[in-house]
Amino acid sequence: MEGGSRYLKAPFEVHEQRFEATERIMALQFSAVEKRLERIEALIEGLERRLWMTVFGVAGVILTEAVQSLIDWRPA
């Protein structure tokens, strides 16, 4: 048997258990936050793709209108 009273060690063991439980809870919370951030990043990437497609679409329409106006504008 180890030396010393178990009553002297008991309070430290309780604090150690609380500390370990707190660490486990924090790890779970951080993993949940990380998953949410990954989902948000994926949504932002999809939104960015849609935005660029819209920009290219508008630029294509403007260029098409410009080319059509040049084709229709012929010196008579």
Side-chain angles (χ1 to χ4, degrees):
M1 186 171 187
E2 293 181 24
S5 172
R6 72 179 175 121
Y7 297 108
L8 290 175
K9 294 180 183 179
F12 294 110
E13 290 174 359
V14 170
H15 289 298
E16 185 177 321
Q17 290 171 352
R18 279 189 190 159
F19 184 71
E20 290 172 357
T22 303
E23 283 183 331
R24 287 193 302 266
I25 290 171
M26 288 177 59
L28 288 172
Q29 289 174 339
F30 278 120
S31 68
V33 167
E34 200 171 316
K35 287 178 185 177
R36 287 183 193 149
L37 285 175
E38 287 172 359
R39 256 192 355 217
I40 290 170
E41 287 176 358
L43 290 172
I44 288 174
E45 286 176 10
L47 184 62
E48 186 179 11
R49 269 188 251 119
R50 289 183 199 141
L51 177 65
W52 279 112
M53 291 299 289
T54 303
V55 167
F56 289 137
V58 169
V61 168
I62 291 172
L63 287 174
T64 302
E65 291 290 325
V67 169
Q68 280 183 345
S69 68
L70 286 174
I71 289 173
D72 290 342
W73 179 78
R74 289 180 251 182

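Basis for what follows: all heavy atoms, side chains included, without hydrogens, waters or symmetry-related copies.
In this structure, Val33 belongs to a hydrophobic cluster whose other members, linked by side-chain heavy atoms under 4.5 Å apart, are Leu37. Its side chain outside the 4.5 Å cluster rule for every partner, Leu28 clusters with none of the Ile, Leu, Val, Met, Phe, Trp and Tyr residues. Hydrophobic clustering, defined by side-chain heavy atoms of Ile, Leu, Val, Met, Phe, Trp and Tyr closer than 4.5 Å, groups Met26 together with Phe30.
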Name each donor-acceptor pair under 3.5 Å that joins a side chain in residues 58-68 to protein atoms two or more places apart or in another chain, with its distance.
unit_1: Thr64; atom_1: OG1; unit_2: Gly60; atom_2: O; d: 2.7

Can you list, pair by pair, the side-chain donor-acceptor contacts under 3.5 Å of residues 41-51, counting residues two or more places apart and other chains?
none

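Judged as a side chain to side chain contact (heavy atoms under 4.5 Å, CB included), and not counting sequence neighbours, the contacts of Glu23 are Phe19.
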